[in-house]
Protein chains: 2
Amino acid sequence: MAKLHRLISVVLRLAAAGAAAAAAIIMVTSHESTSLFGIEMNAKYSYTPSFVFFVVAFAVAFAYSLLVILVRPGSTASRLVLLSDVIIGMLLTGAVAATGAISDVGKNGNTHAGWLPICAQVQDYCNHVMGALIAGFVSLVVYFLIIMYSLHAVAEPLCSCH
Amino acid sequence: MAKLHRLISVVLRLAAAGAAAAAAIIMVTSHESTSLFGIEMNAKYSYTPSFVFFVVAFAVAFAYSLLVILVRPGSTASRLVLLSDVIIGMLLTGAVAATGAISDVGKNGNTHAGWLPICAQVQDYCNHVMGALIAGFVSLVVYFLIIMYSLHAVAEPLCSCH
């Protein structure tokens, strides 16, 4: 039973790491130059603070996911894993939400604020960001599963010893 | 000891509920009309999807925080509280991150995307949103403490019975 738990845990961590790496890489490689009425327009992830935060958050999640696999179950460090999992889960939620909010303005604009949509001009860039957002969301969902699975495993023996 | 645990838990829930209510109310009451070069400019939270999400998330957190106080410790429902706490914590993180990202564009603009800052025109509105963001952040921090406190309490007896 412990072996099955361990296997599920490792598979989930690898899936989270893979999706996090994909999210960070797709975001970092998103740039496009275009000219509109003779004006050069340059779109790059580093121009938007939320996108930079997204890359940092998913790079951290990638490294963390691989490191945690090395933690021996039952060790002192393993007691801290659930705590740090929750912190990573919240970090990724924040990154996806901030990037999603800015992407929505990029796609639909906000007429009340006078912010025009830019996706029609830099279609490739927008597709890249959307791809990163989807990969990031997958990684976030896997982290959510990891946390729920760990909480379930923690709550189970707790109840049998009360 | 159990009584102290319960007291700390109730105080933290009430603090989270208070801050969440403040965040939602300050955001809902944020609107301002101004005219610039004869053009009427209207700023309202409901014009920005992220701000609407913010209000919904903190209204849910407020109601949830009060409801959870009624859950009897040791009951079946109390086993689910830690899981739902983590979900609420992630929901609030998402709301604060999305609102923070949009507020940053409102305050500093994004020259690369051609989005101008609007806070100079609607100063009152921006202050309101900033107030809501601070109250929301306080509520989020309290939720983070609640989750860490619960995880600590759950991990403790687990270790003594192994």
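Note on naming: letters A, B, ... go to the chains in the order of the sequence lines (proteins, then strands), and numbering restarts at 1 for each one. No hydrogens, no waters, no symmetry mates; every other heavy atom, side chains included, goes into these values. Because the structure is a prediction, the values reported are computed rather than measured.
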Per-residue contact mode, B/Val86 against chain A (heavy atom under 4.5 angstrom): side chain

Quick check on A/Thr111 against chain B: is it the side chain, the backbone, both or neither that has a heavy atom closer than 4.5 Å? neither

Apply side-chain contact (heavy atoms from CB on, under 4.5 Å) to A/Leu133 and A/Ile26, showing your working. CA-CA 9 Å; A/Leu133 206 50; A/Ile26 298 172; over 6 Å; no

Under 4.5 Å from a heavy atom of chain B, the part of A/Ile102 involved: both

Give the member of A/Leu82, A/Ile118, A/Val105, A/Val96 that has the highest number of heavy-atom pairs under 4.5 Å with chain B. A/Val105

OH-OH distance between A/Tyr143 and A/Tyr64, expressed to the nearest 0.5 angstrom: 5.5 Å

So which part of B/Met148 gets closer than 4.5 Å to some heavy atom of chain A, the side chain, the backbone, both or neither? side chain

Please identify, among A/Leu92, A/Asn42, A/Leu116, the residue contributing the most non-hydrogen atom pairs under 4.5 Å to chain B. A/Leu116

Let's test your reading of the structure: which of B/Ala97, B/Ser50, B/Gly89, B/Ala95 forms the most heavy-atom pairs below 4.5 Å with chain A? B/Ala97

Validation row: B/Thr29, B/Tyr45 side chains within 4.5 angstrom (heavy atoms): no

A/His5 and A/Tyr149: side chain donor to acceptor below 3.5 Å: yes

Ring centre gap for A/Phe58 and A/Phe62 strictly below 6.0 Å: no

Region of B/Thr99 in contact with chain A, defined by heavy-atom distances below 4.5 Å: neither

Can you tell me how the ring of A/Phe51 sits relative to the ring of A/Tyr125, calling it parallel under 30°, perpendicular over 60° and tilted otherwise? tilted

